Amino acid sequence: MSEKKKNILQMGGILAVILLVCVLFNLKYEGRFLSGDNLNILISHAIIPTFVAWGLCFVMACDYTDMSIGSVLVLAANAAGALGSTQLGYGGVILGGICTGMLLMTLNFLIFVYTKIPSWIAGIGMAMIYEAAAIFYSNYQLSKGSTIAQLSSEMRKLGKPPFIYIIFVLGLIVAYLIYNRTEVGLNIRALGNGIKLSESMGIHTVKTIIMVGIICGFFVGCSAFLNESYNARVNAKTGLTSLAMIFQPMAAFMLAQVLQSKINIIIGVPICSLFVYGIFNMLTFMGVPSGTLQEAVLGLIVIVFGILAQRKETKVVK
Amino acid sequence: MEHILEVRGLCKYFGSTVANDHIDFDLSPGEVRGLAGENGSGKSTLLQQIAGIYRKDEGTMTLHGQAYDPATPIDAIRNKVGIVVQELGCLSNLPAGVNVFSGRLGQFKNHGILDMKRIYKEADALFETYGLMKVPLHKPCSQLSIESRKMIELARALSSDPDILILDEVTQSLSQNNRDMLYRLMEKLKKEGKTIVIITHDLEEMLELCDTISVLRDGHLITTKPCEEMDTDEVKRLMVGREVSSEYYRSDMEANYQKEVVLEVKHLTVPKEVEDVSFELHKGEILGFCGLSDSGIHEVGKAVYGISKNRTGTVTLHGEASVEIKNISAATSNGMAYVPKDRDGEALMMRDSIASNFVLPSLGELQGKGIFLSPKKINKMAREGAEEFQVKCSGIRQKMEGLSGGNKQKVNLGRWLLKDLNVIVLDCPTRGVDVSVKAYIYHVMSEAKKKGLSMILISDELPEVLGMSDRLLIMKDGKVQGEFTRGNRFTQEALIEVMV
């Protein structure tokens, strides 16, 4: 049997098992799990972190780790909310999220590339700074007797069907093309082999690393304005709690990495994101409390998928 | 004849080390130039400056009569200078076809999007044009053998239709059939008036292929002479600066080992790689394995040592009691060792010190108080090892990545030979090392053989396996195709007949 056929059969088998579990679960909970409303919530919930996971695909491909993505997301969501409340309208929502995301992530990567500090350390430092900025903003708003940026209900259409689906499809196309079909996408992936080797291949490494920030910032920004549109507001975080905001996208990314040999990682990310959220949704149905046990399950998922992703890492030289 | 490249007073410094010291170097069109020198003599540095990997610190270069100072390898490629480097290689997570054009993918853009079909088509055409061994172009390089990756690097260098092609220790990664292919290719390029510069530690090969040879020693260009005026002894003398024994290999022409079987391999099979291989290894025997590319010789080494997870068959070590070797742990704890082909990737901790690398297989013997290792014992073992195996270094705390290929291999091999071993599997032990280190490794092997150590010697170099083995197994398509015992029919011709 050809490798391709084998892959299709394996993927088919996995999907069939997942579907069967969903159907049985649906039967147990009297058809509420696969109801239109629940599926709508499930998919919308999965789309928002999918954008962050796409951003992570680029960051991880070049062997960097940015722990400040969650705090960037908070600031970008607030910028989207603030600009969305001005005359700019939906343009402000989109531009506020994307521009802030791109600006901050570019700043991060400029720091990584020029200071040579390991990215995960510099990322934690930046997360502290961004969290503090969000708190300053929040306190400033409070001192004025206002709250943090909040979108009015008529400005929240981007977070609802059909717009959220349209944005998702556009995001998928853009992410797929950049990752697989552009020079910068392939150069970013080349960076994963080390700076020295990439340079010897004629790749402008500094420019490429900064491009990672810009691209990741774009996707984080998209996730931010969708988040703001869906939830109306995104609260400021303190004490590095913003780090937890990337755990769900991270779990989706890692699972997609496991499946990479069978399905392109950019396509795999939303599928895996849906899978992760499906588990959360099931846990909610089962009455597992959110915030405690559900978070523990998330931690477990991240570890299990991380292990699986490592297992696929074969560097055997014949 | 007018020179295509003229280098004058070229200097390159790495900190206080002078890698190239005022080098004058000319190349003519249609010339095949060999570059000889010990590890660390500055050969690769010189060529990497010409190919834009390093920037020169002093001196001038002129290409086709124009000032030439490539800032990047892409600059060099634009000026039709291509290189296949010794160590760096391919971007392992990208498809082979993309690797051929990496750094120059812009030419395949169509409204900002890459035309992937065209990339693969042009890469395929390149392989076809130059008659290179076919490689699955859609597969990531990480899934390809070293040999296939070298083919990708070669295709990459040829993709600019270079006027100067630099081959830095390429042949040592190739099996006999692909070496022959490369020789044919070099002949074709020479006829087309292209210039080729080749570095190889196989001096006979260099003398056969080249028109002229330049010899470097300690960063200086000692001489450039036509090949007709030189022989291997003369090249070695110029390289080292003194007379070097021309006798590399064993001088005895009879197999010489004890009757006692120390290792018994029965029906060893690794799906798609090795098929039903059985053999016995005797005390004090050097058992050679050779074959063409993808013949399975390297996989046999891995399987015997227990690295291959999905192997079947049995590997039994006979000593005071017989032990079945099912995994690496069983192998190491019963006096087996393995020196892999990919030294930097699979054997050594490149970012760690010589001391750490030396003591790694012997940690059990270096216990101090309680659960702690004894720094005294560690330093003693590392210092004695570095001394015994003549590792040229600034001290045992020096990082491995700063050592030359030959010295890395001395650490790699030496750390095992310090132990009391029964069997050692050596996969291409002299890959990428110069003549003097090569001679030293063969000497160390001969000494170990005399002490009763049994060795499995896997090699892509026929003279090496012929020169050192007592018995030879020839493999093809994962199976043992023939067996030779040291004696009258122990010739390259007889071997090649079975290999192909």
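In this text, all values refer to a predicted model and were calculated from it rather than measured experimentally. Every chain is numbered from 1, with letters handed out A, B, ... down the list of sequences.
Atom NZ of B/K399 has 12 or fewer neighbouring heavy atoms from other residues, nucleotides or ligands inside a 6.0 Å radius.
At a cut-off of 3.5 Å, with distance as the only test, no side-chain donor of A/T205 or A/S198 sits close to an acceptor on the other residue. Side-chain contact of B/S145 with B/S148: a donor-acceptor pair under 3.5 Å is present, judged by distance alone. Under 3.5 Å, the side chains of B/S175 and B/E147 contain a donor-acceptor pair of N or O atoms.
When each of A/I203, A/N187, A/L186, A/L191 is checked for heavy-atom pairs under 4.5 Å with chain B, A/L186 comes out on top.
To the nearest 0.5 Å, atoms CD1 (B/I77) and OG (B/S160) are separated by 5.5 Å. Annotation: the span from B/C141 atom SG to B/E153 atom CD amounts to 8.5 Å, rounded to 0.5 Å. For the atom pair OG1 (A/T65) and CE (A/M250), the distance works out to 7.0 Å, reported to the nearest 0.5 Å. Distance CD1/B/I152 to CG/B/L94: 11.5 Å, rounded to 0.5 Å.
Heavy-atom proximity under 4.5 angstrom to chain B picks out A/L177, A/N180, A/R181, A/T182, A/E183 from residues 167-183 of chain A. Close approach to chain A, defined as a heavy atom under 4.5 Å from one of its heavy atoms, is seen in B/K109, B/G112, B/I113, B/L114, B/M116 of residues 109-119 of chain B, taken by number. Scanning residues 90-109 of chain A against chain B with a 4.5 Å non-hydrogen threshold yields no residues.
A salt bridge links B/D344 to B/K408: one of the charged nitrogens lies within less than 4.0 Å of a carboxylate oxygen. The pair B/D460-B/K341 meets the salt-bridge criterion, with a side-chain N (NZ, NE, NH1 or NH2) lying under 4.0 Å from an Asp/Glu carboxylate O.
In this structure, the side chain of B/Q409 engages the main chain of B/P429 through a donor-acceptor pair within 3.5 Å.
The side-chain hydrogen bond (donor to acceptor under 3.5 Å, both in side chains) contacts involving residues 93-107 of chain B comprise A/N193-B/N93, B/S102-B/R156, B/R104-B/S159, where partners must be two or more places apart or lie in separate chains.
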| message | Would B/V98 and B/Y120 count as a side-chain contact (heavy atoms from CB on, under 4.5 Å) here? Give the steps. | response | CA-CA 7 Å; B/V98 172; B/Y120 292 120; 4.1 Å; yes
